[in-house]
Amino acid sequence: MNNGINEFINMHGEKKYAEIVILEYNFDKIFHYCIPQDLKDRISLGSRVTIPFRGKVTTGCVVGFLAESDVKNLKDIRQITDRKPILTPQVIRLTKWISNYYLCSWEKILNYAIPKTRRAWLNKFDITDISPQKPPRLPEDDKSSDNEIIFSAEEVKEKTLLKDIENIINNKKFKTVLIRGNDFSSRMKIYLRCIRKTLKEGRQAIVLAPTESHLSELAGLLEKEFKDNMVVFDEKIDQKAKYQKWIKIRNSQVNIALGMRSSIFVPFDRLGLIIVEREHSSLYKEERSPRYNAREVALKRAELENIPLILSSETPSVESYWNVHENNFLEEELNTGEERENLLKKTIIDMTQEKSKKKIISYELQQAISRSLKNKRQVVLFLNKRGFSSFMICSQCGHIPKCPDCNTSLSYHLDIQKRAQLICHNCGKRAKVTDVCAKCGSKEIRPLGMGTQKLESEIKKMFTRAEIRRLDRDSLIKDDDYRQILEEFNQGNTDILIGTQMVLKGVDFNNVDLIGIISADTLLNLPDYRSGEKTFQLLSEVISSFREISFPKEVIIQTFNPEDHCIVALREQDYNYFYQKEIELRKELDYPPFTHIIKIVILGEEKEAVKQRAEYLISYLEFLRKDKESAEFKLLGAVDMVLWKSRNDFKVQFLVKVKDLEKFNQAFKKKYDKMLSKHFDQKNRLTIDVDPVRMI
DNA sequence: AGCACGCCGACT
DNA sequence: GTCGGCGTGCTC
């Protein structure tokens, strides 16, 4: 198994030629160089080298070895930059896989994985090549003679799943465990034990978290035991500090790395375990090039390194859960006890049954808020839409005013003088509000849906004596506002907090006994095959904000779609129900995980130029369709090509649906480079997103 | 990305 | 005949 990496050494045991990816130019090509005799012993996969190229000296990264080359007049490698390679052979293999899977150049992903190094740092913080350290001494080393035990007999008796995890960790082979559940402290206990065990074996661990706050939560807990044995790559880290931490890793001075998505590339050479916390998070997807998903890359790295992988989530991604059945992932459930469930009431309000269609707050929710206020408890009202109102609709003919450039519905906003205005969130175009429908002429046109602003004014009218605060992007003017609104609420000075996703971060729900989800529909109706999954995940997270429940609490969900499987699954807190219904839909409509989607976007300032390039791209894909080496695929969005306006650019988007991604990519790559340089540049850009997390 | 090469039209 | 326009292709 060589994964397309040439490590072949000729019969004299000599590495004669090196395959090199040039790091300073964006060519998707491998160059061959001779390895001078004096460098032979020190060069390896992942070594950075200086090489003559086009009459200049440039740097490259060694990605393979050859005994023979059919290229004539090969030049010599000048020198090796780092004393020990900055990347490990396994990470080189990983980046190769990424460049094929995500259709980006090898150079791009290599440069992304390697911290930006200044020449000066190279001498200052070099790799000292400390010979493999003895694993750090742990308290148990002295006590337990049987080092095969991770969990005690008592613990295993209580939760038999621990035995399975123990076996997998002890086995030290590639195997994925998906832990599903909301019990953070049990999950944490498993992480701790597994890491401890891994270190004891003299191996290393990577822990990924999706956001800065989840990262610091994990780091805080792990630091108690492993402070001197770990590095944390937090959000604000600069290139220099990042490089220093890499050197520590490379020198085996630390054996645990914590970070967000990019930490999946850290160069441990005795990696023994990867943990991906909240694996469902869309933040694992890099939304700029290279557009990889760290969860998928973690899976690939675990496979390449042949080590266990732990994925965990309260609401696993449909892809991962599907893998439980298809690829023999081990699934374990870890949920908090039933006492919690008995004190937590979940109510779904069918808004189609409300008498007044214009009302935002149902009668039941209004009553529940009154009850909370009387009991001196706090209320959080959740809405995932900013602005005043989402769009206008004519109740006579159903017409929705749309932006002529973007074909998206215009948002209804109030300006500072409280004058109504329509704004296109895509391109920023503004339009006047009309009181007559442009299509049928009726006067029954009015705003539908709502934002936090409108909700706030409604609530203020309803509960005149309550302290009400709003927490969303728009309400934050000064940097300090966020902290202040939180502090007021957490000290109990606020009765009702209205907010978007932001309330999930930093709000203390201890004294809250009511969460009202104003409209489950806004997210559910997005034009995205994942909208159901996203709704279920987000609202589950909202409900989980109630961590400790010592008195009765209630969640009220208002929706126009009470029968939707996501809503039903939320009420029953039944992941399996959600998954079964969702996977049926995906299968029926040929969506992931049954196919892959590739999002192709063309952007440019001139409308005609964009259109022309889009047509060229379509013809390239049609040409591919005839290629016997390519895979079958569907092309969406090409027949009635829509040009959108996005900021200053015109934009065209296609979706390719393909089952055999590997085969398709191989054929696609053949002339991709040529097409790119011939038809696209800074003015007319082409972006390709494999397995996108957002459709628009 | 640059830079050479080459094929073509315009010009002292 | 020769200068320079840019489209095409190569760089180990």
Side-chain angles (χ1 to χ4, degrees), chain A residues 2 4-10 14-40 42-82 85-87 92 95-96 99 102-114 116-117 119 288-291 602-606 608-609 612-613 615-617 619-620 623 667-688:
Chain A
N2 72 357
I5 305 266
N6 296 310
E7 286 166 85
F8 175 62
I9 295 165
N10 74 9
E14 277 184 320
K15 310 167 181 171
K16 237 180 148 182
Y17 306 106
E19 292 187 300
I20 289 173
V21 170
I22 293 181
L23 296 171
E24 289 172 40
Y25 302 96
N26 186 22
F27 313 132
D28 202 3
K29 201 169 157 30
I30 292 165
F31 294 91
H32 297 177
Y33 281 86
C34 287
I35 307 169
Q37 200 60 45
D38 60 317
L39 298 183
K40 281 206 164 86
R42 293 196 289 125
I43 198 161
S44 60
L45 280 186
S47 293
R48 279 186 297 181
V49 289
T50 53
I51 43 174
F53 184 75
R54 280 209 58 88
K56 287 179 188 165
V57 176
T58 185
T59 55
C61 182
V62 177
V63 298
F65 293 110
L66 298 167
E68 285 169 50
S69 168
D70 47 12
V71 184
K72 291 182 188 75
N73 304 322
L74 292 186
K75 292 176 181 167
D76 275 2
I77 291 172
R78 288 278 175 85
Q79 53 179 290
I80 299 169
T81 313
D82 315 288
I86 191 82
L87 293 175
I92 293 292
T95 56
K96 163 87 175 173
S99 81
Y102 290 103
L103 289 168
C104 72
S105 64
W106 205 345
E107 166 273 332
K108 188 115 199 166
I109 183 65
L110 282 173
N111 271 318
Y112 181 93
I114 301 169
K116 300 271 161 298
T117 6
R119 218 156 276 274
R288 289 171 305 184
S289 180
R291 302 180 145 75
I602 296 158
L603 282 168
E605 278 177 38
E606 281 172 56
E608 279 312 306
Q612 195 192 327
R613 274 143 237 261
E615 271 154 13
Y616 186 81
L617 197 102
S619 70
Y620 181 67
F623 161 79
F668 186 86
K669 268 210 164 183
K670 274 194 250 170
K671 290 192 172 146
Y672 174 54
D673 219 34
K674 262 198 186 119
M675 175 183 70
L676 208 58
S677 60
K678 201 168 168 182
H679 297 275
F680 296 93
D681 49 33
Q682 295 293 317
K683 255 182 108 182
N684 294 286
R685 305 183 305 279
L686 172 67
T687 63
I688 297 199

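So you know, we letter chains A, B, ... as the sequences are listed, proteins then strands, and number each from 1. Being a predicted model, the structure only gives us computed values, none of them experimental.
- Taking atom CZ of residue A:Arg685 and atom P of nucleotide B:dA1, one finds them 13 Å apart after rounding to whole Å.
- Not counting sequence neighbours, A:Lys671 has no partner by the side-chain hydrogen bond (donor to acceptor under 3.5 Å, both in side chains) test.
- The aromatic ring centroids of A:Tyr620 and A:Phe668 lie less than 6.0 Å from each other.
- Among residues two or more places apart in sequence or in another chain, the side-chain hydrogen bond (donor to acceptor under 3.5 Å, both in side chains) test is passed with A:Asp673 by none.
- Non-hydrogen atoms lying under 4.0 Å from DNA chain C are contributed by A:Phe27, A:Lys29, A:Phe31, A:His32, A:Tyr33, all within residues 23-36 of chain A.
- In this structure, A:Thr81 contributes its side chain and A:Arg48 its backbone to a donor-acceptor pair below 3.5 Å.
- Of all nucleotides in DNA chain C, those with any atom nearer than 4.0 Å to a heavy atom of chain A start and finish, going 5' to 3', at C:dT8 to C:dC12.
- Sparse packing is recorded around NZ of A:Lys683, with 12 or fewer heavy atoms of other residues, nucleotides or ligands lying under 6.0 Å away.
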Please tabulate, one pair per line, all N/O donor-acceptor pairs under 3.5 Å involving side-chain atoms of residues 72-80 of chain A, not counting sequence neighbours.
none

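- The two residues A:Lys108 and A:Ser289 come nearest to each other via the heavy atoms CE-OG, 3.3 Å.
- Applying the side-chain hydrogen bond (donor to acceptor under 3.5 Å, both in side chains) rule to A:Lys29 yields no partners; only residues at least two apart in sequence or on another chain are considered.
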